[in-house]
Protein chains: 4
Amino acid sequence: MNTLRNSVRLVGNLGMDPEVKTFDSNKKMVRVSLATNESYKNDKGEKITDTTWHNLVFWNTTAKLAEDLLKKGDEVAIEGKLANRNYVDKEGVKRYVSEIVVNDFLKVGAKG
Amino acid sequence: MNTLRNSVRLVGNLGMDPEVKTFDSNKKMVRVSLATNESYKNDKGEKITDTTWHNLVFWNTTAKLAEDLLKKGDEVAIEGKLANRNYVDKEGVKRYVSEIVVNDFLKVGAKG
Amino acid sequence: MNTLRNSVRLVGNLGMDPEVKTFDSNKKMVRVSLATNESYKNDKGEKITDTTWHNLVFWNTTAKLAEDLLKKGDEVAIEGKLANRNYVDKEGVKRYVSEIVVNDFLKVGAKG
Amino acid sequence: MNTLRNSVRLVGNLGMDPEVKTFDSNKKMVRVSLATNESYKNDKGEKITDTTWHNLVFWNTTAKLAEDLLKKGDEVAIEGKLANRNYVDKEGVKRYVSEIVVNDFLKVGAKG
DNA sequence: TTTT
DNA sequence: TTTT
């Protein structure tokens with residue numbers, strides 16, 4: 001768990017219910033997207049909110065907990081690592097995806 | 001600098017010299033890619049090294065420092081935030097890129 | 001803001017209302033203590049909760065926000081740096097205190 | 001390893017060789033102090049360096065690695081958690097100590 | 001008690 | 001494309 005070389009921490013809201021995938025070998029994977037919001041005032045003094053969406057992946061015991069505890073709208077704090085993946089889409093174009101493999105998470109906020 | 005909502009920390013090596021871009025409005029941007037290496041032993045006891053490549057972006061004063069201090073091969077610690085960007089490539093395909101906008105960096109290691 | 005060399009992140013609950021101190025030079029300082037709780041099961045399968053208390057210090061604009069927004073019981077996420085201080089107590093014994101100087105905080109949870 | 005609730009990250013230099021203590025129950029503990037240095041310019045433009053000393057504690061396998069790899073002067077990155085401890089000193093005065101229990105460390109810099 |  |  002090389003947390004000193006590659007570590008991400010986010011606090012944000014889930015945009016969807018967790019998507020669960022179970023493999024033959026009783027491995028479990030959960031995917032969910034999380035939005036982080038950043039607010040600032042622009043030149044005209046208007047409040048602007050930038051939203052960034054992040055692809056989260058949970059494995060095994062962490063996936064089981066995510067499946068049981070998390071749902072759309074929840075405010076969640078996570079610690080994980082950045083990972084890249086690539087695949088070929090339906091049009092035959094190679095696509096690159098950056099994901100966050102979650103090591104630990106925490107439900108925060110009122111929604112729970 | 002909403003570091004509690006969106007924060008990445010990496011320690012790794014630069015795969016290239018910094019690419020510098022200066023805009024009309026005396027703004028400066030630097031791009032560089034950084035590799036984080038994770039080692040583990042597989043089922044057969046062989047040592048495996050996984051490398052993940054990260055796209056780093058530096059702006060303004062941080063960009064100036066990066067241009068002056070960093071070069072290919074350097075070991076660097078960074079703190080930044082995740083950001084997404086999209087563009088249309090030469091074939092007209094919409095591409096999504098995940099980048100790390102660097103707030104602070106530190107040269108570590110012997111190469112300095 | 002040398003966040004790469006010295007950085008603390010905590011999520012916990014405030015044990016008291018913020019204590020505000022204003023100096024001549026319109027500087028403001030706020031102190032508050034925060035508890036982090038860690039749960040685990042002991043050898044007998046009993047759930048044990050360890051609580052650690054942390055001394056937080058806020059300065060100036062961050063202090064103003066802390067004074068306005070925080071109160072006893074709130075769940076709060078903070079980012080800061082470790083600092084040491086010493087003083088001589090009433091019995092003339094030199095005392096050392098470790099504190100966290102807060103750079104940024106976030107109210108999380110329902111209590112707000 | 002509740003790294004979301006209580007996490008410290010430091011990059012600094014060791015002020016001493018590791019002190020190793022082995023217990024009956026083949027448990028191992030290592031203590032070492034680490035200095036973090038912060039530089040800034042004061043009102044007169046003089047460069048000031050503030051040093052903060054941190055008490056690090058390593059247990060078991062991490063302690064074994066620290067004993068083997070670390071020595072006085074080394075530049076080290078660590079991730080750990082804050083913990084408090086108290087004891088009665090020789091004069092019968094109750095003393096409180098704040099320590100960092102290290103989860104993971106990385107030798108950085110040239111000394112290795 | 002470290003380091004730059 | 002880096003490094004150990």
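All values reported here derive from a predicted model rather than from experimental measurement.
Heavy-atom distances to DNA chain E give each of D:K47 and D:N55 a nearest nucleotide, and the one nearer the 5′ end belongs to D:N55.
Atom-to-atom, CG of A:L4 to P of F:dT3 comes out at 21 Å; the value is rounded to the nearest Å. Nucleotide F:dT1 holds its P atom 17 Å from the CG atom of A:N84, rounded to whole Å. The nearest whole Å value for the distance from the OH atom in A:Y96 to the P atom in F:dT1 is 13 Å. As a whole-Å value, the separation of D:K107 NZ from E:dT3 P is 13 Å. If you take CG of D:L34 and C1' of E:dT1, they are 11 Å apart, rounded to a whole angstrom. At whole-Å resolution of the value, NZ in D:K72 and P in E:dT3 are 8 Å apart. The CG-C1' distance, from B:D50 to F:dT2, rounds to 15 Å in whole Å. B:D74 has its CG atom 10 Å from the P atom of F:dT3, to the nearest Å.
Side-chain proximity of D:S33 to F:dT2, E:dT2, E:dT1: nearest is E:dT1. Side-chain proximity of D:W53 to the nucleotides E:dT2, F:dT1, F:dT3 is greatest for E:dT2. Of all nucleotides listed (F:dT1, E:dT2, E:dT1), E:dT1 comes nearest to the side chain of D:M16.
The side-chain heavy atoms of C:T3 and C:E79, taken from C-beta on, include a pair separated by under 4.5 Å. The side-chain heavy atoms of D:V76 and D:L14, taken from C-beta on, include a pair separated by under 4.5 Å. At a threshold of 4.5 Å between non-hydrogen side-chain atoms, the residues A:N2 and B:Y40 do not count as touching. Counting only heavy atoms from C-beta outward, the side chains of B:T36 and B:T51 never approach each other to under 4.5 Å.
If you check every strand for non-hydrogen atoms under 4.0 Å, D:T36 touches nothing.
A donor and an acceptor atom sit less than 3.5 Å apart, one in the side chain of D:T51 and one in the base of E:dT2. At a cut-off of 3.5 angstrom, the base of E:dT4 holds no donor-acceptor pair with the side chain of D:N37.
Ring pair A:F58/A:F105 is perpendicular by interplanar angle, where above 60° counts as perpendicular and below 30° as parallel.
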